[in-house]
There are 2 protein chains.
Amino acid sequence: MKSLVLKIGRSSPSSLTSGQTRIDRMASTRLLSRGEKVFRKGQSARQVYKVEIGCIRTFTHDRDGCRLVTGFYFPGDYFGLEMRGKHSVFAEAIAPSRILVIGRKALFSAVETDNSVANGLLNVTNLELQRAQNQSLMLRSSAHERVAHFLFELKKRNRRAEVDLPMSRQDIADYLNLAMETVSRALTRLEKVSTISFRTYHRIKVRTRKRLAA
Amino acid sequence: MKSLVLKIGRSSPSSLTSGQTRIDRMASTRLLSRGEKVFRKGQSARQVYKVEIGCIRTFTHDRDGCRLVTGFYFPGDYFGLEMRGKHSVFAEAIAPSRILVIGRKALFSAVETDNSVANGLLNVTNLELQRAQNQSLMLRSSAHERVAHFLFELKKRNRRAEVDLPMSRQDIADYLNLAMETVSRALTRLEKVSTISFRTYHRIKVRTRKRLAA
DNA sequence: CGGTTTATTGAAATGCGTCAACGATTGTGG
DNA sequence: CCACAATCGTTGACGCATTTCAATAAACCG
């Protein structure tokens, strides 16, 4: 068994990410239906976004057309933070969602009033860096561990024992770089050892972390 | 086969990373013998570093004590950039090396007053981010592809057809998340199809990229 | 040189992916 | 609200890539 720290569209504890901030007040709201795109890969990145309700997935494709899900974003999470001019991924709603849309210009000038622009950018970049490093760690562990830690992180975010899995098994598989069947089998096994129990396919009850890791 | 862009301690073409920069002028020099540690995981990160001669590996361990090599750093590369207080990895010299040691405090105060330093630091951090993202992509491809691209990236860095592999097969394996035997077999296969040829275990001649990918 | 470390090679075991069939859930129109 | 279709998830059988274990060979270092 390998160790793993997995973050799923996790926000930092900074003021930027918790509750209503000055930045959020500069935002407008947008409603999304299931499957609707927020932005496309290659589009110039003029806004950043924050999930209020629902769930967003970001993804890209490798040269063989295989889909790679790069993150799931839940209420409170910011996404679309790419610092270079163009979005490097697609973003779309997994479930009906409400998001905040924040103009990049306004954001950066606001950051400037708190700190220096450079420091703000550094912080954002460093968060992305941590995320990417955690993803690397995750991809080094076994299939069952990836699934278990995925669930654990979701639980940690939710704070309730009941966890929503708004995304499909295929989404999870493309995020963890596994076959959908492997994800399914891992979930079944976790249920067999009663680490989790299913309410529906998309809502489960997660027990202790220890048992998750087993 | 999956697509893959792998970067190994790659410097950008920016002024920061080639030759002497303003950041480098704040540095002192340190000599390291083979296997010597630069810093330890958990140590508070008071400096950042730049390789002048030799090769540095960074690594950590998973919960089972299995070693995970997170990067190889060659002349021109910066490492130890963790922005949070503590180093998240160990760093040690693979070969006798000379490195620059740059005080973090000086660096950060320079960041606040000097725009070029701030931009430089952003560049370096962005490079590290790219590196981590490429690592994630790399870990999604097959064993043979990982080895092939690893070699190709080394060649691209060196600019010579003759490539140094100062690290052991085990180092490569721990970096690519493969068994040492798998790395060895991949290399053997590449030699059989005469994509590479060995001078010694640690110096090879690499031919075209096309053949590497095969 | 001889001993130690490091790399290669082969054989067997295993984990995960693929393919295919089946079962459950969701959405739609009567 | 039901029935049906379409989608999504589960399960089993099998194959292949990679790991593991074990033996041998090559390089390194006193």
Side-chain angles (χ1 to χ4, degrees), chain A residues 1-2 33-35 55 57 62 64-69 94-96 138-148 150-151 164-193 196-204 214, chain B residues 1-2 4 33-35 57 62 64-69 94-96 138-148 150-151 164-193 196-204 214:
Chain A
M1 189 192 77
K2 296 184 174 175
S33 52
R34 193 163 171 276
C55 184
R57 75 178 152 235
D62 65 17
D64 307 318
C66 187
R67 190 181 66 156
L68 311 175
V69 171
I94 287 174
M138 188 273 289
L139 289 170
R140 286 172 182 245
S141 63
S142 75
H144 286 287
E145 286 174 320
R146 289 185 215 176
V147 174
F150 178 74
L151 294 180
D164 271 317
L165 292 177
M167 67 294 285
S168 70
R169 299 293 190 264
Q170 191 62 59
D171 285 334
I172 300 173
D174 291 348
Y175 178 69
L176 300 177
N177 201 39
L178 296 172
M180 192 199 20
E181 293 92 333
T182 304
V183 172
S184 181
R185 278 185 253 266
L187 289 173
T188 302
R189 201 178 84 172
L190 287 172
E191 195 190 20
K192 284 229 169 80
V193 300
I196 64 175
S197 44
F198 286 88
R199 305 292 144 160
T200 76
Y201 283 159
H202 295 294
R203 175 174 282 269
I204 60 176
Chain B
M1 191 191 80
K2 298 186 173 173
L4 165 62
S33 51
R34 193 163 171 276
R57 74 177 154 235
D62 65 18
D64 308 316
C66 186
R67 190 182 64 157
L68 309 176
V69 171
I94 288 174
M138 187 272 289
L139 289 170
R140 288 172 181 243
S141 65
S142 75
H144 286 287
E145 286 174 321
R146 290 185 215 177
V147 173
F150 177 75
L151 294 181
D164 270 317
L165 292 176
M167 68 294 286
S168 70
R169 298 294 189 264
Q170 191 62 60
D171 285 333
I172 300 173
D174 292 348
Y175 177 70
L176 300 177
N177 200 40
L178 296 172
M180 193 197 24
E181 294 91 332
T182 304
V183 172
S184 181
R185 277 185 251 267
L187 290 173
T188 301
R189 201 178 84 171
L190 287 172
E191 195 190 18
K192 284 227 169 82
V193 301
I196 63 175
S197 45
F198 285 88
R199 305 292 143 159
T200 77
Y201 283 160
H202 295 293
R203 174 173 283 267
I204 61 176

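Letters go in sequence order (proteins before strands), and every chain restarts at 1. Atom set for the values below is all heavy atoms of this structure, side chains included, hydrogens, waters and symmetry mates excluded.
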Inset, instruction - With sequence neighbours left out, write down each residue that passes side chain to side chain donor-acceptor pair (under 3.5 Å) with B:Q170, or none if nothing qualifies. - result: B:D174
Inset, instruction - Sequence neighbours left out, what passes side chain to side chain donor-acceptor pair (under 3.5 Å) with A:S168? Give chain and number order. - result: A:D171
Polar-atom pairs under 3.5 Å, protein N or O versus N or O of nucleotides 12-19 of chain D: list them with distances, or write none.
from   : atom 1 : to     : atom 2 : distance (Å)
D:dG12 : N7     : A:R185 : NH1    : 2.8
D:dG12 : O6     : A:R185 : NH2    : 3.3
D:dT18 : OP1    : B:A143 : N      : 2.7
D:dT19 : OP1    : B:A179 : N      : 3.4
D:dT19 : OP2    : B:A179 : N      : 3.2
D:dT19 : OP2    : B:T182 : OG1    : 2.3

Legend entry - A:S184 (side chain) donor-acceptor with A:M180 (main chain) under 3.5 angstrom: no
Inset, instruction - Identify the heavy atoms of A:M138 and A:L176 that sit nearest to each other, and give their distance. - result: SD-CD2, 3.8 Å
Legend entry - Side chain proximity check, A:L178 to A:V147, heavy atoms < 4.5 angstrom: yes
Legend entry - side chain to side chain donor-acceptor pair (under 3.5 Å) partners of B:S33, counting only residues at least two apart: B:E36
Legend entry - Bend angle of the helix from C:dC1-D:dG30 to C:dG30-D:dC1, from helix axes over five pairs at each end, nearest 10°: 40°
Inset, instruction - Decide yes or no for B:L151 and B:L165: does some side-chain heavy atom of the first lie under 4.5 Å from some side-chain heavy atom of the second? - result: yes
Legend entry - Length of the NZ-C1' vector between A:K192 and D:dT10, whole Å: 10 Å
Inset, instruction - Mind checking salt bridge (Lys or Arg N to Asp or Glu O under 4.0 Å) for B:R34 and listing every partner two or more places apart, or none if nothing turns up? - result: none
Inset, instruction - Could you tell me which non-hydrogen atom of A:L68 sits nearest to which non-hydrogen atom of B:R140, and how far apart they are? - result: CD2-NH1, 3.1 Å
Inset, instruction - Quick one: pull up CD1 in A:I172 and CG in A:L187 and give me the separation to the nearest 0.5 Å. - result: 6.0 Å
Inset, instruction - Give the first and the last nucleotide of DNA chain C, reading 5' to 3', that has any atom under 4.0 Å from a heavy atom of chain A. - result: C:dC16 to C:dT25
Legend entry - Smallest separation among heavy atoms of B:I196 and B:F198, with atom names: CD1-CE1, 4.0 Å
Legend entry - Those residues that, when tested against A:Y201, pass side-chain contact (heavy atoms from CB on, under 4.5 Å) (two or more places apart): A:R169
Legend entry - B/S/- contact track for nucleotides 23-30 of chain D, protein heavy atom under 4.0 Å: ---SS---
